Protein chains: 2
Amino acid sequence: MAVAPRYQVINRDLSGQIGSGSLGPGDRLPSESELAQHYGVSRMTVRQAVGQLEAEGLVVRRHGTGTFVSEHRPRRRRANRFGSFAEEMGVEASDVTSRLLEQEVGLPPEDIVALLQLSPGQAAVRVYRLRLVSGEPVSLQDSWLPLLLAPSLARGGLEGGSLYRTLRDREGVEVTRAEQEVSASLATPEQAQLLAVEPGSPLIAILRVAYAGGDEVVEVARSLTVPTLPLSLSTER
Amino acid sequence: MAVAPRYQVINRDLSGQIGSGSLGPGDRLPSESELAQHYGVSRMTVRQAVGQLEAEGLVVRRHGTGTFVSEHRPRRRRANRFGSFAEEMGVEASDVTSRLLEQEVGLPPEDIVALLQLSPGQAAVRVYRLRLVSGEPVSLQDSWLPLLLAPSLARGGLEGGSLYRTLRDREGVEVTRAEQEVSASLATPEQAQLLAVEPGSPLIAILRVAYAGGDEVVEVARSLTVPTLPLSLSTER
DNA sequence: GAGTGGTCTAGACCACATG
DNA sequence: ATGTGGTCTAGACCACTCA
């Protein structure tokens, strides 16, 4: 039945109340004892739910005083765990879909070869995807992985669209660390068409190198993401 | 006597064992039950200690398998500590210089007022700087701070070019947390001239909100930075 | 099946903030 | 003095992994 743990149910309920505005910034949440009684669980369970809210930045706990809704909307999650794409975008995983543009075995471009630490001639798998949130295209992700590390990807298939999860479940390769470089670029006509923006629009460009274990490079990926900032910076002084 | 909580003692002990190498990368920690017995506490207490290690990135928990020391040294704490400008750019602090473009007291634009949580009419200090690395312009930083929090800045002067350091030394205000949103934009002619790039070039745009203590907003800053990526992403597929 | 971490209980006492 | 969150117990059952 895949029943969610109680603390997650409580977390989502409170999270929803904050999101919908029935709990506004600065409001005090019911005390942990009250919540425990209300949800019919023990206080420790409530604490787990609230602790998660706190980690997400939605609430602030004050010893001896109470738990309060944060004054600000949390913007970005911290990047300790290079989160899934959904986490990084700050959206629900269920809102994220993928369109597979290419999945093939071949020789990557020179610069990628170097970053992947491949010997000359060694093949790699390319997974080129368009990621969508709520059906809207938001990001192009172009990943290259050493064929030796990801042979199963050569045969196609991605479990639930998550590359890292597929790696872990099918190859036993666990991505433990990633480095990113953020840049900006202009959309080419082809990119623009896929992302539904004007050609020449600015895009956030990220180069990511993902490692497993020590220094073994598992993936080199380039992504181009549509800026989502609500403020128009380009018109500023 | 200010005795530290047991879970913190346990956390530090394990943390020390990892740091000293008696627990190396990939090693499995004793099971939670064993740790509980060893430290003479309940398993829930051990879980709190280990959970903290996990949040710090020192260990990885695997359901049904065990808890393992992470393969990599956890790098920078991001988000929590937001490095100096030099750290963020990955350069030596001695290579970084600033050119003060404006430093004045006034009423910020509407959007900034909201983010600063100012009442209507409340004044703020603006510090607008061009940051250079090795003499090359790389970033425009436009900061707004509540006048009440930074009165000394109204009289000019920045210690060593570091805004946060000035805040700490002169106002006793310590920035404890910052949130950032990354975006992209196109350089206006004026921005282009200051940054020595072509008008219309893509720039990395970052909106930062810095907090002191709980939810008190200390600074809202917008920065525009020249992409420094060695790879030319804009010419890619 | 044995061992691991994940969830949960129904209490308890303590430290802290505020009226 | 009261109520809050912080810490802690001594169990329990479940879900997962692996031999």
Side-chain angles (χ1 to χ4, degrees), chain A residues 1-14 18 23 26-70 81 159-160 165-174 176, chain B residues 1-14 18 23 26-70 213-216:
Chain A
M1 298 293 275
V3 176
R6 316 266 276 267
Y7 77 89
Q8 271 186 30
V9 174
I10 298 171
N11 176 288
R12 267 174 226 157
D13 186 28
L14 293 172
I18 293 171
L23 276 173
D27 286 0
R28 211 188 79 186
L29 269 64
S31 77
E32 296 180 350
S33 314
E34 287 169 339
L35 288 173
Q37 194 168 4
H38 176 260
Y39 289 107
V41 300
S42 78
R43 198 183 137 214
M44 284 300 282
T45 302
V46 166
R47 279 185 63 74
Q48 198 166 356
V50 175
Q52 202 169 298
L53 287 177
E54 187 183 28
E56 292 164 1
L58 286 175
V59 303
V60 176
R61 292 211 256 216
R62 277 196 266 265
H63 196 167
T65 311
T67 302
F68 302 83
V69 178
S70 297
R81 277 277 190 299
E159 297 186 6
R165 182 158 172 207
T166 305
L167 277 179
R168 194 191 60 202
D169 293 349
R170 295 222 297 241
E171 314 286 359
V173 173
E174 184 123 21
T176 53
Chain B
M1 297 296 272
V3 177
R6 317 267 275 267
Y7 76 89
Q8 271 185 31
V9 174
I10 298 170
N11 176 288
R12 267 174 227 158
D13 185 29
L14 293 173
I18 293 172
L23 276 174
D27 285 359
R28 210 189 80 184
L29 270 63
S31 76
E32 296 179 350
S33 313
E34 287 169 340
L35 287 172
Q37 194 169 3
H38 177 261
Y39 289 106
V41 300
S42 77
R43 198 181 137 216
M44 285 300 282
T45 302
V46 166
R47 279 184 64 74
Q48 199 166 355
V50 175
Q52 203 168 297
L53 287 178
E54 186 185 29
E56 293 163 2
L58 287 174
V59 303
V60 176
R61 289 211 259 215
R62 275 197 271 263
H63 195 166
T65 312
T67 302
F68 301 83
V69 178
S70 298
D215 288 335
E216 191 171 40

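Chain naming here is simple, since letters A, B, ... match the order of the sequence lines and numbering starts at 1 in each. Computed from a predicted model, the values in this text were never measured in an experiment.
A distance of 8.5 Å separates OG1 of Thr65(A) from CZ of Arg28(A), quoted to the nearest 0.5 Å. Taking CD of Gln48(B) as the start and CD of Gln8(B) as the end, the distance is 9.0 Å to the nearest 0.5 Å.
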Ile10(B) and Leu35(B): CA distance, side-chain angles, deciding distance, side-chain contact (heavy atoms from CB on, under 4.5 Å) verdict: CA-CA 9 Å; Ile10(B) 298 170; Leu35(B) 287 172; 6.0 Å; no
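Residues Thr67(A) and Val60(A) fail the side-chain proximity criterion, which asks for heavy atoms closer than 4.5 Å. Counting heavy atoms from C-beta outward, Ile18(B) and Val59(B) have side chains that approach closer than 4.5 Å. Residues Val46(A) and Tyr7(A) fail the side-chain proximity criterion, which asks for heavy atoms closer than 4.5 Å. When side chains are defined from C-beta on, Arg43(A) counts as touching Ser33(A), because their heavy atoms get closer than 4.5 Å.
Salt bridge status for Glu32(B) with Arg61(B): present, with a side-chain N to carboxylate O gap under 4.0 Å.
No side-chain donor-acceptor contact under 3.5 Å links Gln37(A) to the backbone of Glu34(A).
Checking Ser31(B) against Met44(A), the closest nucleotide of DNA chain C that is more toward the 5' end is the one next to Ser31(B). Residue Glu32(B) is the one, among Glu32(B) and Arg6(A), whose nearest nucleotide of DNA chain C lies closer to the 5' end (criterion: closest heavy atom).
Using a 4.0 Å heavy-atom criterion, one finds that Arg47(A) contacts the bases of the nucleic acid, with or without backbone contacts as well. Counting any heavy atom pair closer than 4.0 Å across all strands shown, Ser33(B) reaches no nucleic acid atom.
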Tabulate atom names and distances for all N/O pairs under 3.5 angstrom spanning the protein and nucleotides 17-19 of chain C.
from, atom 1, to, atom 2, distance (Å)
dA17(C), O3', Thr65(A), OG1, 3.4

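Annotation: cation-pi geometry satisfied between Arg62(B) and Phe68(B) (NZ/CZ under 6.0 angstrom from ring centroid, within 45° of ring axis).
Here chain B contacts DNA chain D (any atom closer than 4.0 Å to a heavy atom, that is under 4.0 Å), and the contacts span dT7(D) to dT17(D) from 5' to 3'.
Taken residue by residue, residues 34-43 of chain B places heavy atoms nearer than 4.0 Å to DNA chain C at Arg43(B).
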